[in-house]
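Written below as structure tokens is the structure these notes are about.
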Amino acid sequence: MASLVALVSAFLILQILSPVDALSTNYYDHTCPQLEATVTAAVKQAMMNDKTVPAALLRMHFHDCFIRGCDGSVLLNSTGGNTAEKDGPPNISLHAFYVIDNAKKAVEALCPGVVSCADILALAARDAVALSGGPTWNVPKGRLDGRTSKASDTRQLPAPIFNISQLQQSFSQRGLSMEDLVALSGGHTLGFAHCSSFQNRIHNFSPTTDVDPSLSPSFAANLRNVCPLGNTAKNAGSTLDSTTTTFDNVYFKMLRQGQSIFSSDQALLTNPQTKALVSKFASSQQEFNKAFIQSMIKMSSLTGGQEIRLDCKVAR
């Protein structure tokens, strides 16, 4: 019975998150030709003041796409009768929503009521990668914004403590492959993790060992120093790789050296297929870039919206 429920659940998710044929790289060529330059300018401006913006935008887009597709629902504010996705536990640390709001305001001044917030977020995520030294690509556009945003749905997001089977299930339910899993995990080349998301690896790991034995001892010692047992420092944590503001393949190199942050990162080495992909991407920035572009386009083509919002924070 449980397996039947899981099968039905996966089927329903795939029904909601199905690629939309209407997406096109030239969708706004005639209706809003200055769109992409306008979004890029907003991202550049924000990056000048806050170097964490690229990681924030990339994570925001990922979290948007994994719940009802890339429909901008992660941007909606909570209301008196509803707690929205952005206030769900996994999204509490999301930030830089103002970048999308600023971009939307500028776009609305040029092309009123034409461009969805979901498309602006997809473009901003691409710009975040490109402006951090990573690859660029043509983003298919034509998404609609969703009206539904529930904090309870954030339980669908893959967690940093997931093992390889849980990760595979989460991605496959959205039509994403094991290669997509590894390539998109490479987005961890940008960003920061709070202690709470990896404390399971450095304190009380098991009844017989305090620290995850897959971690490099010196790396684990550094993490334990930053995040001691019972840590109360709200902003304590670690960058996800040593070049945290540069989009590169250092994440994969560090993963192979026992210097990963999340259990879900380490999980990529527990399956022959994903382990081989980690080695491939660690050895070649070009191969990683190519796979990342393909997987980003694939993930961002999952949509499920119904409208074009005039204010990204409020459904019409």
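What you see is a predicted model, and the numbers here were worked out from it, not measured in a lab.
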Practice item. Please say which of Asn77, Asp64, Asn91 ends up in a side-chain hydrogen bond (donor to acceptor under 3.5 Å, both in side chains) with Lys86. Key: Asn77

Review point. Is a salt bridge present between Asp153 and Arg68, judged by a nitrogen-to-oxygen distance below 4.0 Å?
Key: yes

Exercise for review: If a pair satisfies side-chain hydrogen bond (donor to acceptor under 3.5 Å, both in side chains) and one of its residues is in residues 130-139, list it, with sequence neighbours excluded.
Suggested key: none

Study note, to complete from the structure: Between the CZ atom in Arg59 and the OG atom in Ser93, the distance rounded to the nearest 0.5 Å is 3.5 Å

Exercise for review: Look up atom NE2 in His203 and atom SG in Cys195, then write down how far apart they are to the nearest 0.5 Å.
Suggested key: 7.5 Å

Review point. Where is the tightest heavy-atom contact between Ser260 and Phe219, given as atom of each residue plus distance?
Key: O-CE2, 3.5 Å

Revision key, fill the gap. In terms of heavy-atom contacts, Cys32 and Val107 come closest through SG-CG1, 4.2 Å

**Study point:** Close side-chain approach of Ser238 and Leu223, heavy atoms under 4.5 Å
**Key:** yes

Review point. Does one hydrophobic cluster hold both Leu190 and Ile261, with members joined at side-chain heavy-atom distances below 4.5 Å?
Key: no

Check your understanding: Would you find more than 12 non-hydrogen atoms of other residues, nucleotides or ligands less than 6.0 Å from Leu110 atom CG?
Key -> yes

**Study point:** Leu167 reachable from Ile161 in the ILVMFWY side-chain graph, under 4.5 Å edges
**Key:** no

Review point. With no hydrogens and no angle check, do the side chains of Thr154 and His63 hold a donor and an acceptor under 3.5 Å apart?
Key: no

Practice item. Output the distance between atom SG (Cys70) and atom CG (Leu23), rounded to the nearest 0.5 Å. Key: 9.0 Å

Point to revise | Exercise: do Asp180 and Ser177 side chains pair donor with acceptor under 3.5 Å | key: yes

Practice item. Fit a plane to each ring of Phe252 and Phe288, take the angle between them on a 0 to 90° scale, and name the class: parallel (under 30°), tilted (30 to 60°) or perpendicular (over 60°). Key: perpendicular

Practice item. Decide, yes or no, whether a salt bridge links Lys141 with Asp119 under the criterion of side-chain N to carboxylate O below 4.0 Å. Key: no

**Study point:** Lys NZ or Arg CZ of Lys313 over Phe97 ring: under 6.0 Å, within 45°
**Key:** no

Practice item. For the residue pair Arg126 and Ser300, confirm or rule out a side-chain donor-acceptor distance under 3.5 Å. Key: no

Review point. Taking side chain as C-beta onward, heavy atoms only, is Ile67 less than 4.5 Å from Val74?
Key: no

Review point. Between Glu179 and Ala291, what is the shortest heavy-atom contact and its length?
Key: OE2-CB, 3.8 Å

Study note, to complete from the structure: Rounded to the nearest 0.5 Å, the CG atom of Asn49 sits from the CE atom of Met47 at a distance of 11.0 Å

Check your understanding: How far does CD of Gln306 sit from OG1 of Thr148, to the nearest 0.5 angstrom?
Key -> 6.0 Å

Review point. If two hydrophobic side chains count as joined below 4.5 Å and joins carry through other members, does Leu94 share a cluster with Ile120?
Key: yes

Practice item. Report yes if the side chains of Met178 and Leu181 come closer than 4.5 Å at any heavy-atom pair, otherwise no. Key: yes

Exercise for review: Indicate yes or no: at least one non-hydrogen side-chain atom of Phe62 is less than 4.5 angstrom from one of Leu58.
Suggested key: no

Exercise for review: Could you name each residue pair satisfying side-chain hydrogen bond (donor to acceptor under 3.5 Å, both in side chains) that touches residues 205-220, not counting sequence neighbours?
Suggested key: Arg201-Asp212, Arg201-Ser214, Ser206-Thr208, Asp210-Arg224, Asp212-Ser214, Ser216-Ser218

Point to revise | Student check: side-chain heavy atoms of Leu121 and Met60 closer than 4.5 Å | key: yes

Review point. Can you pull the ring pair (Phe, Tyr, Trp, His ring centres under 6.0 Å) pairs that have at least one residue in residues 168-191, sequence neighbours excluded?
Key: Phe66-Phe171, His188-Tyr251, His188-Phe262

Check your understanding: Taking side chain as C-beta onward, heavy atoms only, is Thr189 less than 4.5 Å from Asn249?
Key -> no

Revision key, fill the gap. Between Ser149 and Glu85, the two heavy atoms sitting closest are OG-N, 2.9 Å

**Study point:** Heavy-atom pair with the smallest gap, counting every atom of Ala267 and Thr274
**Key:** O-OG1, 4.5 Å

Review point. Do other residues, nucleotides or ligands put more than 12 heavy atoms under 6.0 Å from Arg155 CZ?
Key: no

Study note, to complete from the structure: Thr83 meets the side-chain contact (heavy atoms from CB on, under 4.5 Å) criterion, sequence neighbours left out, with Ser78, Asp87, Ala151

Review point. Under 3.5 Å, is there a donor-acceptor pair linking the side chains of Thr246 and Asp248?
Key: no

Check your understanding: Donor-acceptor pair, Ser284 side chain versus Phe281 backbone, under 3.5 Å?
Key -> no

Check your understanding: Do Val250 and Leu255 belong to the same hydrophobic cluster, where Ile, Leu, Val, Met, Phe, Trp and Tyr are linked whenever their side-chain heavy atoms lie under 4.5 Å apart, directly or via other members?
Key -> no

Review point. Under 3.5 Å, is there a donor-acceptor pair linking the side chains of Ser263 and Asn200?
Key: yes

**Study point:** Side chain proximity check, Asp71 to Asp145, heavy atoms < 4.5 angstrom
**Key:** no

Check your understanding: Hey, is Glu307 close enough to Arg316 for a salt bridge, meaning N to O under 4.0 Å?
Key -> no

Revision key, fill the gap. Sorted by chain and number, sequence neighbours left out, side chain to side chain donor-acceptor pair (under 3.5 Å) with Gln286 holds for none

**Study point:** Cluster link Leu176 to Val129, ILVMFWY, side chain under 4.5 Å
**Key:** yes

Review point. Which residues satisfy the ring-ring contact (aromatic ring centres under 6.0 Å, His included) test with Phe162, sequence neighbours excluded?
Key: none

Review point. If you measure from CD on Gln259 to CG on Asp241, what distance do you get to the nearest 0.5 Å?
Key: 10.5 Å

Check your understanding: So, do Thr244 and Phe192 sit near enough that their side-chain heavy atoms are less than 4.5 Å apart?
Key -> no

